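Predicted, not measured: the structure shown is a model, and the values here were computed from it. Note: hydrogens, waters and symmetry copies are ignored here, and every other heavy atom, side chains too, is used.
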Amino acid sequence: MRPWEMAAQVAKCVMGNRWPQFSPVKLPRVVLGNLVLSLDPELGQEEAERKLYDLVRGRRGIPDNARTLQEIFDLLGGVLPVPPVGPVVAGLIDRVARGRRLVELLERRAMDWYRDRLGPGGALGLLRAGETRDGFPLAGQIVCEALLEDLREGWSRGWRPRNCLLLLDDADAPCGRDFLWALTAARARRAGLPEPPDPDPLLVVAASRSWPDLGPHWNPPGTPEHLVAGGTRYPPWARRASHADWLAGRAPGRRDRWWYPVLLPDLSRAEVARMRERTRQRPGPGHAGFVHALTGGHPPAVEHLLTAMADRERRWGVREENDGWTEQALRALASLEWEHPRHPFRDFSHGLDDLAASSAAANLADAEDAGLLSRRWRSVLEELDGRLWLRTDPAQDMAPVFHPWLRRLLLRELTHRRRGGRPLWDVAHERLENLYGSPREGTRDGLSMVMYHRLARVDTGPAGPEHLREVVALLDGRFNRIDMAEWVRQYNWITSAPNRLPADTPLDDLYGELIREPGGTGGDEPDGTDSGPRRDRPAGTDRTAVVRGLVVDRWFLSDPATDPLRGRRQSVREGLRLLARYAVTGRAVLVSEARRYDREDDDE
C-alpha cells in the first residue's frame, strides 16, 4: 500500500464507526485525494477533471447519492487490499448518503483545500505529483496533510474527551515506514506554516521489529558512545517513557521533533506462562521458566519454542506436566534451524565467523580489542542494531552487547567452527584470556575475567579437568581473603561462563566426570587463616571440594540449555550453606545468597 491508501484505511475506520454522543466525523479531503490518485495519470487535464467529477457526482446525477457513495467506497476497496464493503461501511453509506452532504463536502470543502494547497490545478495537481518516482513521497505527504486537517476539523466540532489513537503494527514493513514518514512530513509542514492551524488530534502508536530511521537526534539502542553520529539521546525503556520526557528531550528540527522511540521490554516469565496456557497445554511453571531463561523473553523465539513444545505434546499425546518432558527432551529443544523464517541470520549479509567468535566475549568492544573481528565491524554493528539485537550495557561501560537469544545462537555456531585447524571456541576464549591478563586491563579484576573464559574451555577432554582445577584454585584461594560480598560477585560472574558440553550426555554423567578431582589431596584452609576441623563441618569434606562442587553446579544452572529443569538449584543452595561453615567473616552473606535459590522465580 501507498501512504495515501493507508490514509484511506484510517478514514474508513473513523467514518465507519459512530457514537451517539458525538457528531459524526467525515474525511472528504482523504476521500477526494484517493479518488484523484486512482485516475489514470496519462489522462489530459480536461479528461481527468471530467472523470473526477463523474466519480464525485455519480454517473446518473446528483440525486443518486447512495450510488455515488457506493462507487466511492467500491473504488477505495478496489485499490486497497481489504475485504469488500461490509455491514459497517454499508451502514455508514446509508446514514451519510441522505441528501447532498457528502457531494457538497467533496465539491466545495475538499476541492477548495486542494486548490489552496496545490494552486489552480487543485486536486488534480495531486495526480501529477504521483506520476514519477520522486513524486510518490510528496503525494503521500499531501494526503496525510488532508487526513490531519480532516481530523482536526472533525474533532473541533462537538465535545470529544479523547484524541484519535491509531495503533499500527508491523510498522517496519515498507508501507508502514512510508506512511509514518509521510505523516511526519505532513505534520512538520503544517507546524511550519506562517499561521499554523490548530493542533490535530492524531496520536500514532506504532510497533516495529527493527529500528526506523528517526533522524539524527536519536541513537539506536546498541550504538556505542564513540560511534554515535551526532545523536543526543538513546530511546528510553517503556517504564521510563512519558509525555514529559518527550517534551523535555524532543529534537529541535521540525520533522524529528514528532518522533518518540520507546524500547519495549522482552516478555516476562509470567507473560511466557500465559502464552504457554494459550497453546491449550498444561503450562508447567518449570517449562515456562525454561523457555523464558533460554530465549531471554524474545517474543519470536518464545513463540517458536512454545509452538515446538505444543506440537510435540499433540503428536505424542503428552498430558501430564512432566510426562514425556525429561531433562534430555528439553535440552533437545534448545535449537533453531537455519531454514526457520525466524532465524536471525537467515538473510544476514555478513559472514558469521567473526560474529560467532565475538559472542565469546562479554561485550563487542572487548571482542574487537581481542582481535576477534578481522575487519571493520561498524557495518555489522549497524545491521545488528537496525534489527534491535544490540543493547548498551551500563555494567559493561555502555559497550554494545548481544541480546541473550542472539548470543545463544551465535555460541551454538561457535561450537561448530574452526580457525587455523583449531576449534574456534578455544581460539576465541584464549584471545580473551590474553586480553584480560594484559596490564591495560588494570581497572577490572583481570584474573576473574580470565577464569570466566578458562571455565568456558572446560570440557570432557584431557585439558578440561586442569582448566577446572585452576578456576577452583582461584576462588578457593580468595575465600576468607577478600570481602565476602565481593567473593560472591566473582563466583557468580565466573560461573556464568558459556559452555560447549555435549547435549546428548546425561547431566549426572557430566557432573560425575567434572566433580572428580584426580589425585587431589584436599586441605581445609590453604590460606592458613583457619586450620583444623570444626564440629559443624561434615566429616570427610574439605573446602576445596565444596568450592569445586559449587562451581560445577552453578555453571550448569546458569545455562538453561544445560539444566532446563533447574535441578542444580538445590545443590547450589546447600553448597553455599555448607561453605558458610568455613567462613571466618561474612557468613551471613553466604546464607543470604543461599536463600535466593529457595525462590522458584529466581533468575540466575
Side-chain angles (χ1 to χ4, degrees), residues 1-17 25-42 48 51-52 55 69-86 88-89 92-93 106 110 114 117-118 123-151 164-189 200 202-214 255 258-259 341 386:
M1 286 193 291
R2 302 273 172 74
W4 55 84
E5 296 166 347
M6 292 279 289
Q9 281 280 50
V10 177
K12 276 191 171 183
C13 293
V14 174
M15 296 172 67
N17 292 278
V25 177
K26 302 179 180 64
L27 291 90
R29 298 168 181 84
V30 177
V31 173
L32 182 61
N34 275 269
L35 289 175
V36 170
L37 289 167
S38 68
L39 296 175
D40 184 356
E42 300 298 326
K51 290 280 189 184
L52 177 60
L55 288 172
L69 281 171
Q70 186 67 58
E71 288 176 353
I72 290 173
F73 279 97
D74 284 346
L75 176 62
L76 292 179
V79 298
L80 294 175
V82 295
V85 174
V88 173
V89 177
L92 166 73
I93 293 171
L106 291 173
Y114 280 104
R117 175 65 177 86
L118 296 171
L124 290 176
L126 194 64
L127 182 61
R128 308 308 171 202
E131 281 184 294
T132 63
R133 182 182 300 273
D134 293 338
F136 282 144
L138 179 58
Q141 174 188 325
I142 293 171
V143 176
C144 284
E145 290 178 41
L147 173 66
L148 296 177
E149 181 62 21
D150 279 339
L151 291 174
C164 180
L165 176 64
L166 170 61
L167 302 179
L168 186 64
D169 204 0
D170 294 327
D172 49 342
C175 61
R177 183 181 61 247
D178 293 345
F179 174 70
L180 288 178
W181 269 105
L183 193 62
T184 304
R187 182 166 281 167
R189 184 188 178 278
D200 65 83
L202 182 62
L203 171 66
V204 181
V205 177
S208 174
R209 293 187 180 91
S210 61
W211 177 256
D213 183 8
L214 303 174
R255 181 189 293 260
W258 299 109
W259 297 108

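Once rounded to the nearest 0.5 Å, the distance linking CD1 of I142 with CG of L37 reads 9.0 Å. One distance of note links CG of L124 with OH of Y114; it measures 11.0 Å at 0.5 Å rounding. One finds the SG atom of C175 at 8.5 Å from the CG atom of D170 (value rounded to the nearest 0.5 Å). Put simply, CG on L126 and CG on L32 are 8.5 Å apart, with the number rounded to the nearest 0.5 Å.
The two residues A171 and L180 come nearest to each other via the heavy atoms CB-CD1, 3.9 Å. The minimum heavy-atom distance linking M1 with E5 is given by the pair CA-OE1, 3.2 Å. Across A186 and Q141, no two heavy atoms sit closer than the pair CB-O, 3.6 Å. Heavy-atom minimum distance, S208 versus D172: OG-CB, 3.2 Å. The shortest heavy-atom contact between L118 and G125 is CD1-C, 3.9 Å.
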Side chain to side chain contact (heavy atoms under 4.5 Å, CB included) assessment of V143 paired with L147: CA-CA 6 Å; V143 176; L147 173 66; 5.8 Å; no

Passes side chain to side chain contact (heavy atoms under 4.5 Å, CB included), L166 versus V205? Steps please. CA-CA 6 Å; L166 170 61; V205 177; over 6 Å; no

Could you please spell out the steps behind the side chain to side chain contact (heavy atoms under 4.5 Å, CB included) verdict for L167 and V204? CA-CA 6 Å; L167 302 179; V204 181; over 6 Å; no

Evaluate the side chain to side chain contact (heavy atoms under 4.5 Å, CB included) criterion for residues C144 and F179: first the C-alpha distance (whole Å), next the side-chain angles of each, then the deciding distance (0.1 Å), finally the verdict. CA-CA 8 Å; C144 284; F179 174 70; 3.9 Å; yes

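Residues passing the salt bridge (Lys or Arg N to Asp or Glu O under 4.0 Å) test with D169, sequence neighbours excluded: none. For W259, the ring-ring contact (aromatic ring centres under 6.0 Å, His included) partners two or more places apart in sequence, or in a different chain, are W181.
Each of L183, L165, V14 was compared with L202 under the side-chain contact (heavy atoms from CB on, under 4.5 Å) criterion, and only L183 meets it.
With D150 contributing its side chain and R29 its backbone, the two residues share a donor-acceptor pair below 3.5 Å. In this structure, E149 contributes its side chain and A146 its backbone to no donor-acceptor pair below 3.5 Å.
Every pair passing salt bridge (charged side-chain N to carboxylate O under 4.0 Å, His left out) that includes a residue from residues 173-189 is listed here, sequence neighbours excluded: E145-R189, R187-D200.
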